[in-house]
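Source: prediction; values computed, not measured.
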Amino acid sequence: MKTIVIVEDEAFMRQELADIFQKAGYKVRCITRFHDTASEILREEASLVLLDLTLPGMNGFEICRQIRWQRSVPILVLTSRDQLKDELHALELGADDYLTKPCNTSRLLARAESLLKRFAGRECTLDGGGFLLDYQTYTLHADGRSILLSEREGRILETLLRHRDEVVSKEALFEALWGTTEYIDENALQVNMTRLRKSLKKVRLEDRVETIRGQGYRLRGGGGHEEH
């Protein structure tokens, strides 16, 4: 059963939306705490996120950006904000569709179903911005191609993806690859990193992994030249 995660702070509207999707046969999870909303959403096994933009604490734009960086789950914005600039901004940040309130129930369900069909088979993928990684099989989809990474290449890329635009220390990568930071030869990490970069080069992503001298590695948004 598909799970719809509803992110709406107005209690009456939240319950109305929950009733709509439950009657349509979906499992529903509602976010009711808005202290660390993006993390709350990511902890749920969402098939689709229904996201309001005007929320207490972190606004919906930032939530959308954080979700999209870490997971390939369809995001349907449902908001009272009807300005074109808001819609375009949400879509730029990774939203997949945008509807304004009040919204016809049939239209809402049709848009949700369309997104679920479009994302079918991508539940276990991470979106790197220009490429997708299936973190169960370590299949990389980019540049119109799909390549299978080795387990260690896949674990490195998955770790970098889950901390996108952050510096990931060598110790964190040791843990991801070998489950320990003890007795690991740093050259072993370098060998696997070199192999990953060769694989990324096949799909024109060789510049995405950046070496931060003395600190570790970072997956960046694209462009630029690698540091040594």
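- Cation-pi check for Arg162 over Tyr135 is met; the charged atom lies under 6.0 angstrom from the ring centroid and within 45 degrees of its normal.
- Considering only heavy atoms from C-beta on, Thr32 comes within 4.5 Å of Arg14 through its side chain.
- For the 3.5 Å distance criterion, the side chains of Gln66 and Glu62 qualify, holding a donor opposite an acceptor.
- Taking the charged nitrogens against the carboxylate oxygens, Lys170 and Glu186 do have a contact shorter than 4.0 Å, which makes a salt bridge.
- Relative orientation of the Phe61 and His89 rings is tilted, given thresholds of 30° and 60° on the angle between their planes.
- Looking at every heavy atom in both residues, Ala95 comes nearest to Cys64 through N-SG, 3.4 Å.
- Taking each heavy atom of Arg218 and Glu166 in turn, the nearest pair found is CG-O, 3.4 Å.
- Residues Leu177 and Leu126 share a single hydrophobic cluster, defined by chaining ILVMFWY side chains whose heavy atoms lie under 4.5 Å apart.
- A donor-acceptor contact closer than 3.5 angstrom links the side chains of Glu153 and Ser199.
- In this structure, Leu99 and Arg107 approach most closely via the heavy-atom pair CD2-CD, 4.0 Å.
- Heavy-atom contacts from other residues, nucleotides or ligands closer than 6.0 Å to CD of Glu10 number more than 12.
- Counting heavy-atom neighbours within 6.0 Å of Arg43 CZ, excluding the residue itself, gives a total above 12.
- Nearest heavy-atom pair, Leu132 versus Asp127, reported as atom, atom and distance to 0.1 Å: CD2-CA, 3.6 Å.
- Side-chain polar atoms of Arg155 and Ser150 form no donor-acceptor pair below 3.5 angstrom.
- Residues Ile67 and Val73 are in side-chain contact: their nearest non-hydrogen atoms beyond the backbone lie under 4.5 Å apart.
- Taking Arg29 as the reference, nothing meets the side chain to side chain donor-acceptor pair (under 3.5 Å) condition, with sequence neighbours excluded.
- Met193 has its side chain within reach of Val209: a pair of non-hydrogen atoms, C-beta onward, lies under 4.5 Å apart.
- Residues Thr37 and Glu40 have side chains that never bring a donor and an acceptor to within less than 3.5 angstrom of each other.
- Across Glu158, Arg152, Glu151, a single residue satisfies side-chain hydrogen bond (donor to acceptor under 3.5 Å, both in side chains) together with Tyr138, and that is Glu158.
- Under 4.0 Å is where a charged nitrogen must lie from a carboxylate oxygen, and between Arg220 and Glu210 at least one such pair does.
- Between Asp52 and Lys101 there is a salt bridge, since a side-chain N of the basic residue sits under 4.0 Å from a carboxylate O of the acidic one.
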